[in-house]
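Note sheet for the following structure.
These numbers come from a predicted model, not from an experiment. Quick note on labels: first sequence line is chain A, next is B, and so on, each numbered from 1. Values below: all heavy atoms of this structure, side chains included; hydrogens, waters and symmetry mates excluded.
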Amino acid sequence: MTVILLRLFIYLELDVEAISMSFNPKHILGIESLTAEEINFILDTAQSFKEINTRQIKKVPTLRGKTIINLFYEASTRTRTSFEIAGKRLSADTVNISASGSSVAKGETLEDTAKNIQAMHPDIIVMRHNASGSCQYLADRLDCSVINAGDGMHEHPSQALLDALTIREHKGSIAGLTVAIVGDITHSRVVRSNIYCLNKLGARVRLAGPGTMLPPGIEKMGCEVFNNLEDAIRNADVVMMLRIQRERQGAPLIPSVREYARFFGLNGNKMELAKKDAIVMHPGPINRGVELGTAIADGSQNVILDQVENGVAVRMALLYLVSGGEKLKGE
Amino acid sequence: MAAEEIEILDSDGVNRAITRIAHEILEKNKGVEDLVLVGIRTGGAHLAAQLQQKIAEIEGQDVLFGTIDVTLYRDDLASRNNLAVGLTDIPFPLGDRKVILVDDVLFTGRTIRAAMEAVMDIGRPELIQLAILIDRGHRELPIRPDYIGRNLPTARNEQIEVDFDDRNTAQAVHLLRT
Amino acid sequence: MKTLIKSGRVVDPANKIDEKLDILVIDGKIAELAANIDPGDADVINAAGLIVTPGLVDMHTHLRDPGYEYKEDIISGSCAAAAGGVTSVACMPNTSPVNDNLAITKYIINKAQAQGSANVFPIGSITKAMKGGTLTEMGELKEGGCVGFSDDGLPVVDGEMMRRGLEYANTFGVPIFTHAEDLSLVAGGSMNEGPVATELGLKGIPWVAEDAVTARDIMLAELTGAHLHVCHVSTRGSIAQVRHAKARGVRITCEATPHHFMLTDEAVRGYNANFKMNPPLRSQDDVDAVRAGLADGTIDAIATDHAPHHIDEKNVEFAVALNGVVGLETLLPLTLKLVSEKVLDLSQAIALVTCQPADILGIDRGTLTVGAVADMTLINPNKEWLVKADELHSKSKNTAFSGQTLRGYAVRTILAGKTVFER
């Protein structure tokens, strides 16, 4: 009994903070425009949603009658499925449109596609697109809410939020932590969203990768840049490994996956450099033996599946938050 | 115009009401077997905790206790600014239990409707009963409480406020008239 | 036919004039400049409170005619010029078909003469179809009216081809206009490389893509002794190179655009494709260098790089939008802004848009010398106006200055003594 009561008190305290603010975003386009308070509000909301995902009947009626379109211009299994499940668990009707099966191949412009979709009156469009800024573009032109599921090399806000939720669960708090992110920084929207998110929540961000994968001026976003993995992960609390795109092999960026894995893969006993209780994260899907050695991919330090689980809760929170407050919608 | 504040119950009054409700629950259900208390966040959750303590004092036995957040089941979400979603914490199965829903103030009945739906989504209880500290009338749904601390006819524009101290124990009930 | 422009502040940098004068125009030519001219039977235009300058010369425009008339044509483009106080434009050859033969050159000149509101001076391409493979018939094109040669929009990739182009153009005494860009270094970039591009997740174009080819072409000009004109310099490095080359006597001139001295790559935040151009908007350092280059005479001309695009070509994702902005109608206020910001004095500023570009093009415009063609611009330097894209005379509305309040505009544009625009 005492245990249950204590838990209740903790949650109630958390709630008092949350209730004191109002957060009615029309769109979620990136982390850059969010405040730390808003990020924490989203994470708290997601925390509440996690319980639903463990029920036998994993569904609440909240978004009954709402239509969500997942408009995916890039192949994605994980993010699209996660958003789809999130929508369905909130009782929304979710429809998936992928580039290959739609009129995109026929040369229709993004605006025309979007307007056609809008004519079907969706409430929310979740879009992934290969052009940076495309979600902003859509939001500027449509009446419905837009959630960015990854735009080019720009942002992937739901990923950064689920990462933050996972770190918070494992470390209690994010402030003061050192987070090392290793891989193809240049082409990663996950990195950009994570830099914004982690900085706002008070963590220190370190980046590492070969020179060809470190974009000029990235340090101005608020991070330390390293040319080797070892220095970046030394005493880190969190090590986040990025997927290396095999197709970049042979392009001017890396000579071979083999060489990449040797210098920038997290393998062997490299994790001993990080803090003892450090966690390993990866936005998935992982390349075993490339950025993650098998021992680490199967090891106890990795929290990759927690990330996936939290992804559904975070996306439920985002769908819920953009759906609220119809009165404010016109703004 | 300044708000007028009238004390309806003081801390002794609240305590007496909870004691009576605890007795009524035990009497009606013939003890604590299969009984669970589910408080509706946030006021109802505090009261459910107090009720649980009271039952333990009377019966010498703990009943299970959980909290439920009904935000996701509200029927007015679309027209409200985002309400914070609190945690639902019912760490035991509800199937074939006697669920006592606990809330502080009963008004239109819409919250209780939402709470019942939420409970049903989590499990299939044998029965649901409703315990309320203050019933202020103005029902919009066919909902009737089983246990009432105090019946208080009110005007629609009046407000009922239940004050809790920092240990979440109900201290007083006020009527606010503007 | 006599017209008297009365009581204006006449600024004619070529003749070092900056004083209140009357200008008498007879039969489209400047007949007299003096303090108090008796109007006699002349039509009088009161220019009191106005600045009277030679008609502005924009040495770098894209009129899109023939081939892309949906973006702009010679009629609409020259109307935009007149509205901006510009009386002479040089137009780039990247039309369809490319201006690489006499027929196109003649077409442009004839259409402009018949229906245009400005003098149009075609620039021919260096290579046939701008493909970098064969030189154009520059001799014949010059005779036909081309004032220079350029593959603008594209670099001449092959070093030897560029060398031969310079040598051959020099044979006929006309300049080569280089579009200095190493496409292999651009590598699909869509904005200036740097912290902003990194943040926005847009592939960057490094400064070296411009500087490297500028360096090559300057050396080729040095090698051949030909006149090289560097289009739209935008980086600190390329301006420094031009400065050094001039110091050692290389025959080199260059131009800069208003957007490269007014805007930085910070403007790209928000992904508005009206801030996408080539060269891209650069860093504050580069903007400062352009301004310093204008002030110290390294940069010889302000040119618009007027590049009309249809809204459908701009209203797309930033990375796929076409490069370029319109500029004819904002050239004057943006140039005057350099005066109010004390980068230039008025005479310097007017020289950069009149006699200096006219000299590079080798055209007899840009001055108010007695006997010269009476192309004139009457300017209200203090009038504030809000740039509204849909009110532009150009067919295309892709301005980078929409919504900005600018100061100064042409209230009357006079072409060979005749008013072609008035507001």
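- Taking the side chain as every heavy atom from C-beta outward, A:Ser132 and C:Phe318 never approach each other to under 4.5 Å.
- For C:Asn315 against A:Glu111, the heavy-atom pair with the smallest separation is ND2-OE1, 2.8 Å.
- Counting heavy-atom neighbours within 6.0 Å of C:Leu386 CG, excluding the residue itself, gives a total above 12.
- Your options are A:Ala131, A:Pro215, A:Pro216, and the one with the most heavy-atom pairs under 4.5 Å with chain C is A:Pro216.
- Counted within 6.0 Å of CZ on A:Arg206, heavy atoms from surrounding residues, nucleotides or ligands total more than 12; the atom is thus considered enclosed.
- Across all non-hydrogen atoms, the minimal contact from C:Glu199 to A:Met221 is CG-CG, 3.5 Å.
- A:Gln136 and C:Gly270 make their closest contact through CG-O, 4.2 Å (heavy atoms, listed as atom of the first residue, atom of the second, distance).
- Proximity to chain C (any heavy atom under 4.5 Å) is restricted, for A:Glu32, to the side chain, taken from C-beta onward.
- With contacts defined as side-chain heavy-atom distances shorter than 4.5 Å, the pair A:Arg192/C:Thr198 qualifies.
- At most 12 non-hydrogen atoms from other residues, nucleotides or ligands lie less than 6.0 angstrom from NZ of C:Lys337.
- Across A:Ser134 and C:Glu317, no two heavy atoms sit closer than the pair CB-CG, 4.2 Å.
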